[in-house]
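Only one structure is covered here, and it is reproduced in the block below.
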Amino acid sequence: MDNNIAERLNSAYRQLAEIKQKNPSVRADAQLIAVSKTKPISLITEAYLAGQRQFGENYVQELVDKASELAELTDLEWHFIGPIQSNKTRDIAKFAGWVHSIDRLKIAERLSAQRPAGMSALKVLIQVNISDEASKAGIAAAEVLPFAAKVAALPNLELAGLMAIPAPAVDNDNSQAFAAMQALSVQLQQLFPQARALSMGMSDDWQQALTFGATMIRLGTAIFGAREPQPHE
Ligand SMILES: *Cc1c(COP(=O)(O)O)cnc(C)c1O
């Protein structure tokens, strides 16, 4: 797998640059988050050495272990993108720079209260259940603005934008969900101009997500290869 990670990163960044150049509506500040969940530290280091600085993790214990071990890489930034249980917020508040999966006020309040003194505000994205799936995380689109106002009022959080994981779509065509997120993001920024981040697009649909204004694409398989099924996945 050695050279593969650098090559896959290079290829993804090359495609990203091309898409930005060809399509003026794609956000120039769009960035790639390398989703390293279930992958060992050695592969994260490999990606780091290839220039990658933003990493995404889904499981709190993995975040704690990896962030602790790589603490000397001070320009490496951790994005927590998984479901959050309230007894795990302290570790997330300590190790993450960004949290993409905020969908309960209680969790947001705990993260704000537990953000260690001296650290910058934790940047948070509100997760939206954009495909309106009964079993899925995220809050309903209609509730995003009132919820955002409550999150924005918390002292140690910075409301940075929105995140979504659309339901699996035929032919990976998520245009409807992505368009709805783009519209919601525009609405949110009318109230909170700094909340410009739009986290959407994964290995199978990131090119499309970019054309709907994604600013953070979250790539796991495309960078690190297929994952072993996890007991908790
Ligand atoms: C696992 C995961 C990803 C990466 O998925 P790939 O399809 O492997 O790119 C992105 N976002 C979230 C929230 C995830 O859980």
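These numbers come from the heavy atoms of this one structure, side chains and all, not from hydrogens, waters or symmetry mates.
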key: Check: Q15/Q207 side-chain N/O donor and acceptor closer than 3.5 Å   = yes

message = Taking the cut-offs as 6.0 angstrom to the six-membered ring centre and 45 degrees off its axis, would you call R53 and Y48 a cation-pi pair?
response =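 Judged by the rule (NZ or CZ under 6.0 Å from the ring centre, within 45° of its axis), R53 counts as positioned above Y48.
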
task = Grab the two heavy atoms, one from L210 and one from A30, that are nearest each other, plus how far apart they are.
result =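 In terms of heavy atoms, the two residues are closest at CD2-CB, 3.7 Å.
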
Side chain to side chain contact (heavy atoms under 4.5 Å, CB included) partner of V151, the single match among L125, L111, I107, V124 = V124

message = I'd like to check the side-chain hydrogen bond (donor to acceptor under 3.5 Å, both in side chains) partners of Q127; sequence neighbours left out, ordered by chain and number.
response = none

query = Partners of Q189 by side-chain hydrogen bond (donor to acceptor under 3.5 Å, both in side chains), sequence neighbours excluded?
reply =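 Partners of Q189 by the side-chain hydrogen bond (donor to acceptor under 3.5 Å, both in side chains) criterion, ordered by chain and then number, come out as S185.
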
Quick check: does any side chain N or O of [X] sit under 3.5 Å from a backbone N or O of [Y], one acting as donor and the other as acceptor?
X	Y	value
R218	S199	yes
T211	Q208	yes
T215	L198	yes

ask   = Should I84 and M163 be regarded as members of a common hydrophobic cluster, given that ILVMFWY residues are connected when their side-chain heavy atoms come within less than 4.5 Å of each other, either directly or indirectly?
value = no

task = If the plane angle is over 60° it's perpendicular, under 30° parallel, otherwise tilted; pick one for H79 and H100.
result = perpendicular

inquiry  = Apply the hydrophobic cluster definition, ILVMFWY joined by side-chain contacts under 4.5 Å directly or through others, and give me every member besides I81.
reply    = V35

